[in-house]
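When reading the values below, keep in mind they use all heavy atoms of this one structure, side chains included, and skip hydrogens, waters and symmetry mates. This is a predicted model, so every value here is computed, not measured.
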Amino acid sequence: MTATPPRPRVSVFLAQSLDGYIARPDGGLDWLEAVQRPGEDYGFAEFFAGVDALMIGRNTYDVVLGFDPWPYADKRCVVLTRRPPPPRHGEVFRAGEPAALLDALARDGVRHVYVDGGAVIQRFLAADLVDALTLSILPVILGDGIALFARTPAPERPLELVDARSWPAGLAQLRYRRR
(Lines give C-alpha, C1' and ligand atoms only; values in the text may rest on other atoms or scores of the structure.)
Protein backbone atom coordinates (compact mmCIF):
# COMPACT_ATOMS: atom_id res chain seq x y z
CA MET A 1 0.00 0.00 0.00
CA THR A 2 1.33 3.44 -0.96
CA ALA A 3 1.59 6.01 1.81
CA THR A 4 -0.43 9.16 1.38
CA PRO A 5 1.87 12.13 0.75
CA PRO A 6 1.67 14.95 3.30
CA ARG A 7 -0.76 17.77 2.61
CA PRO A 8 0.94 20.71 0.92
CA ARG A 9 1.48 23.78 3.04
CA VAL A 10 -1.04 26.49 2.13
CA SER A 11 -0.12 30.17 2.19
CA VAL A 12 -2.01 33.37 1.53
CA PHE A 13 -0.23 36.59 0.48
CA LEU A 14 -2.77 39.36 0.27
CA ALA A 15 -3.26 43.12 0.33
CA GLN A 16 -6.19 44.89 1.91
CA SER A 17 -7.25 48.45 2.54
CA LEU A 18 -7.08 49.86 6.05
CA ASP A 19 -10.84 49.32 6.35
CA GLY A 20 -10.55 45.65 5.38
CA TYR A 21 -11.37 45.42 1.65
CA ILE A 22 -9.35 43.36 -0.83
CA ALA A 23 -10.96 44.93 -3.92
CA ARG A 24 -13.43 47.61 -4.92
CA PRO A 25 -17.11 46.53 -5.24
CA ASP A 26 -16.52 45.91 -8.98
CA GLY A 27 -13.34 43.89 -8.27
CA GLY A 28 -11.05 46.79 -9.15
CA LEU A 29 -7.52 46.81 -7.78
CA ASP A 30 -6.35 50.24 -8.94
CA TRP A 31 -6.05 51.39 -5.31
CA LEU A 32 -3.00 49.11 -4.95
CA GLU A 33 -1.08 51.72 -6.97
CA ALA A 34 -0.95 53.91 -3.85
CA VAL A 35 2.13 51.99 -2.65
CA GLN A 36 3.77 51.03 -5.93
CA ARG A 37 7.40 52.06 -5.92
CA PRO A 38 10.06 51.17 -8.51
CA GLY A 39 11.81 47.94 -7.54
CA GLU A 40 9.66 47.30 -4.44
CA ASP A 41 7.46 44.21 -4.28
CA TYR A 42 7.09 44.00 -0.48
CA GLY A 43 8.49 40.48 -0.35
CA PHE A 44 6.23 38.92 -2.95
CA ALA A 45 8.98 37.65 -5.30
CA GLU A 46 10.75 35.85 -2.45
CA PHE A 47 7.45 34.36 -1.26
CA PHE A 48 6.40 33.31 -4.76
CA ALA A 49 9.76 31.66 -5.45
CA GLY A 50 9.02 29.29 -2.56
CA VAL A 51 5.68 27.98 -3.82
CA ASP A 52 5.21 25.03 -6.17
CA ALA A 53 1.68 25.80 -7.31
CA LEU A 54 -1.10 28.28 -6.90
CA MET A 55 -4.86 27.99 -6.67
CA ILE A 56 -6.87 31.00 -7.70
CA GLY A 57 -10.53 31.70 -8.22
CA ARG A 58 -12.12 32.36 -11.58
CA ASN A 59 -12.69 36.07 -10.90
CA THR A 60 -9.04 36.53 -9.93
CA TYR A 61 -8.02 34.54 -13.00
CA ASP A 62 -10.08 36.81 -15.25
CA VAL A 63 -8.32 39.88 -13.79
CA VAL A 64 -4.85 38.32 -14.06
CA LEU A 65 -5.43 37.40 -17.71
CA GLY A 66 -5.11 41.11 -18.44
CA PHE A 67 -1.59 41.28 -16.99
CA ASP A 68 1.32 41.34 -19.39
CA PRO A 69 3.38 39.28 -18.96
CA TRP A 70 1.44 36.37 -17.45
CA PRO A 71 2.58 36.55 -13.79
CA TYR A 72 2.42 32.82 -13.08
CA ALA A 73 4.85 31.53 -15.68
CA ASP A 74 6.82 28.47 -14.51
CA LYS A 75 4.26 27.67 -11.78
CA ARG A 76 1.47 25.14 -11.79
CA CYS A 77 -1.71 27.22 -11.82
CA VAL A 78 -5.03 25.69 -10.81
CA VAL A 79 -8.12 27.83 -11.37
CA LEU A 80 -11.07 26.85 -9.21
CA THR A 81 -14.20 27.21 -11.30
CA ARG A 82 -17.29 25.44 -12.55
CA ARG A 83 -17.14 27.41 -15.81
CA PRO A 84 -13.73 26.68 -17.35
CA PRO A 85 -12.60 28.53 -20.46
CA PRO A 86 -9.89 27.16 -22.75
CA PRO A 87 -6.47 27.43 -21.03
CA ARG A 88 -4.19 30.17 -22.31
CA HIS A 89 -1.00 29.67 -20.30
CA GLY A 90 -1.02 26.00 -19.32
CA GLU A 91 -3.33 26.52 -16.37
CA VAL A 92 -5.80 23.80 -15.39
CA PHE A 93 -9.38 24.24 -14.23
CA ARG A 94 -10.86 22.28 -11.34
CA ALA A 95 -13.89 22.23 -9.11
CA GLY A 96 -14.18 20.53 -5.75
CA GLU A 97 -13.49 20.76 -2.08
CA PRO A 98 -10.19 22.34 -0.98
CA ALA A 99 -8.94 19.24 0.88
CA ALA A 100 -9.49 16.98 -2.13
CA LEU A 101 -7.80 19.47 -4.44
CA LEU A 102 -4.79 19.63 -2.11
CA ASP A 103 -4.64 15.83 -1.95
CA ALA A 104 -4.45 15.69 -5.74
CA LEU A 105 -1.61 18.22 -5.77
CA ALA A 106 0.20 16.30 -3.03
CA ARG A 107 0.07 13.14 -5.14
CA ASP A 108 1.77 15.16 -7.90
CA GLY A 109 4.58 16.16 -5.53
CA VAL A 110 3.43 19.69 -4.70
CA ARG A 111 4.63 20.80 -1.26
CA HIS A 112 3.62 24.50 -1.03
CA VAL A 113 0.50 26.11 -2.47
CA TYR A 114 -0.27 29.82 -2.78
CA VAL A 115 -4.01 30.46 -2.53
CA ASP A 116 -5.38 33.70 -4.01
CA GLY A 117 -8.77 35.22 -4.68
CA GLY A 118 -11.32 36.25 -2.09
CA ALA A 119 -13.78 33.38 -2.47
CA VAL A 120 -11.03 30.75 -2.69
CA ILE A 121 -9.23 32.08 0.38
CA GLN A 122 -12.54 32.07 2.26
CA ARG A 123 -13.11 28.42 1.30
CA PHE A 124 -9.62 27.41 2.48
CA LEU A 125 -10.07 29.34 5.73
CA ALA A 126 -13.47 27.71 6.30
CA ALA A 127 -11.87 24.29 5.74
CA ASP A 128 -9.11 25.24 8.23
CA LEU A 129 -6.39 24.62 5.64
CA VAL A 130 -4.44 27.91 5.70
CA ASP A 131 -1.02 27.46 7.32
CA ALA A 132 0.47 30.94 6.75
CA LEU A 133 -1.04 34.34 6.07
CA THR A 134 0.80 37.45 4.94
CA LEU A 135 -1.43 40.49 5.09
CA SER A 136 -0.27 43.80 3.63
CA ILE A 137 -2.36 46.71 4.84
CA LEU A 138 -2.37 49.73 2.56
CA PRO A 139 -2.83 53.31 3.75
CA VAL A 140 -6.14 53.82 2.00
CA ILE A 141 -9.76 53.65 3.10
CA LEU A 142 -12.05 52.39 0.34
CA GLY A 143 -15.34 52.73 2.20
CA ASP A 144 -16.87 49.77 0.35
CA GLY A 145 -15.71 46.73 -1.54
CA ILE A 146 -15.06 43.04 -1.29
CA ALA A 147 -14.20 42.04 2.27
CA LEU A 148 -12.27 38.89 2.95
CA PHE A 149 -12.90 38.19 6.60
CA ALA A 150 -16.40 39.57 7.15
CA ARG A 151 -18.11 36.60 5.47
CA THR A 152 -15.67 33.84 6.30
CA PRO A 153 -17.39 31.10 8.31
CA ALA A 154 -14.00 29.84 9.42
CA PRO A 155 -13.34 28.02 12.66
CA GLU A 156 -11.61 30.04 15.32
CA ARG A 157 -7.89 29.57 14.84
CA PRO A 158 -5.18 31.21 16.98
CA LEU A 159 -2.28 32.42 14.89
CA GLU A 160 1.28 33.30 15.76
CA LEU A 161 2.74 36.61 14.56
CA VAL A 162 5.97 35.80 12.76
CA ASP A 163 6.90 39.25 11.49
CA ALA A 164 5.61 42.82 11.28
CA ARG A 165 7.16 45.38 8.95
CA SER A 166 6.41 48.78 7.56
CA TRP A 167 7.67 50.68 4.54
CA PRO A 168 8.02 54.41 3.77
CA ALA A 169 5.08 54.18 1.32
CA GLY A 170 2.84 53.52 4.33
CA LEU A 171 2.30 49.79 3.76
CA ALA A 172 2.30 47.68 6.91
CA GLN A 173 2.75 43.93 6.56
CA LEU A 174 1.85 41.26 9.08
CA ARG A 175 2.95 37.64 8.69
CA TYR A 176 1.17 34.94 10.66
CA ARG A 177 1.36 31.16 10.83
CA ARG A 178 -0.69 28.44 12.47
CA ARG A 179 0.00 28.08 16.13
Validation row: [X], [Y] side chains within 4.5 angstrom (heavy atoms):
{"X": "Q122", "Y": "F149", "value": "no"}
{"X": "D144", "Y": "P25", "value": "yes"}
{"X": "L80", "Y": "F124", "value": "yes"}
{"X": "P71", "Y": "V64", "value": "yes"}

Practice problem: Measure centre to centre between the rings of Y114 and F13, then say whether the value is under 6.0 Å. | Solution: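 No: the rings miss the under 6.0 Å criterion.
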In this structure, which one of [options] forms a side chain to side chain contact (heavy atoms under 4.5 Å, CB included) with [X]?
{"X": "I137", "options": "L14, L171, L174", "value": "L174"}
{"X": "V12", "options": "L125, L135, L133", "value": "L133"}
{"X": "M55", "options": "L105, T60, D116", "value": "L105"}

If hydrophobic clusters are built by linking Ile, Leu, Val, Met, Phe, Trp and Tyr wherever their side-chain heavy atoms come under 4.5 Å apart, do [X] and [Y] end up in the same one?
{"X": "L18", "Y": "W31", "answer": "no"}
{"X": "V10", "Y": "V162", "answer": "no"}
{"X": "I56", "Y": "V92", "answer": "no"}
{"X": "V130", "Y": "L54", "answer": "no"}

Give the minimum heavy-atom separation between [X] and [Y], together with the two atoms involved.
{"X": "I22", "Y": "G118", "answer": "CD1-CA, 3.6 Å"}
{"X": "A53", "Y": "V110", "answer": "CB-CG1, 4.0 Å"}
{"X": "P8", "Y": "A106", "answer": "CD-CB, 3.7 Å"}
{"X": "R37", "Y": "A34", "answer": "NH1-O, 3.2 Å"}
{"X": "H112", "Y": "G50", "answer": "ND1-O, 2.9 Å"}
{"X": "L129", "Y": "P98", "answer": "CD1-CB, 3.6 Å"}

Exercise. Indicate yes or no for a side-chain donor-acceptor contact from D19 to the backbone of I141 under 3.5 Å, with no hydrogens or angles considered.
Key: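 The answer is no, because no donor-acceptor pair under 3.5 Å joins these two groups.
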Quiz prompt | Donor-acceptor contact present, side-chain E91 to main-chain H89, <3.5 Å | solution =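 Judged by distance alone, yes, a pair lies under 3.5 Å.
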Quiz item: Who passes ring pair (Phe, Tyr, Trp, His ring centres under 6.0 Å) against Y61, sequence neighbours left out?
Solution: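 Counting only residues at least two positions away or on another chain, Y61 forms a ring pair (Phe, Tyr, Trp, His ring centres under 6.0 Å) with F93.
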Exercise. Would you give the length of the straight line joining atom CZ of R175 to atom OG of S136, rounded to the nearest 0.5 angstrom?
Key: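 That separation rounds to 10.5 Å.
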Quiz prompt | L148 and I121: CA distance, side-chain angles, deciding distance, side chain to side chain contact (heavy atoms under 4.5 Å, CB included) verdict | solution = CA-CA 8 Å; L148 178 63; I121 294 170; 3.8 Å; yes
Quiz item: Is the CZ atom of R82 crowded by more than 12 outside heavy atoms at less than 6.0 Å?
Solution: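 Atom CZ in R82 is not packed in, count stays at 12 or less.
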Exercise. Count the heavy atoms belonging to other residues, nucleotides or ligands that lie under 6.0 Å from CZ of R9, then report whether that count exceeds 12.
Key: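 Incorrect, the count does not exceed 12.
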So does [X] pair up with [Y], basic N to acidic O under 4.0 Å?
{"X": "D103", "Y": "R107", "answer": "no"}
{"X": "R177", "Y": "E160", "answer": "yes"}
{"X": "R7", "Y": "D131", "answer": "yes"}

Self-check item: Criterion side chain to side chain contact (heavy atoms under 4.5 Å, CB included) on V35 and L32, from CA distance to verdict
Solution: CA-CA 6 Å; V35 295; L32 295 172; 5.8 Å; no
Quiz prompt | Evaluation steps, side chain to side chain contact (heavy atoms under 4.5 Å, CB included), between R178 and D128 | solution = CA-CA 10 Å; R178 270 181 190 269; D128 198 21; 3.5 Å; yes
Exercise. Can you spot which of W167, F48, F47 makes a ring-ring contact (aromatic ring centres under 6.0 Å, His included) with Y42?
Key: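 Filter result, single survivor: W167.
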Practice problem: Please assess Q173 against T134 for the test side chain to side chain contact (heavy atoms under 4.5 Å, CB included), listing each intermediate value before the final yes or no. | Solution: CA-CA 7 Å; Q173 188 175 83; T134 299; 3.6 Å; yes
Exercise. Step by step, work out the salt bridge (charged side-chain N to carboxylate O under 4.0 Å, His left out) result for D30 and R24.
Key: CA-CA 9 Å; D30 60 301; R24 294 192 184 279; 2.8 Å; yes
Self-check item: Pairs satisfying side chain to side chain donor-acceptor pair (under 3.5 Å), at least one member in residues 71-81, at least two apart
Solution: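 Listed by first then second residue: R76-D108.
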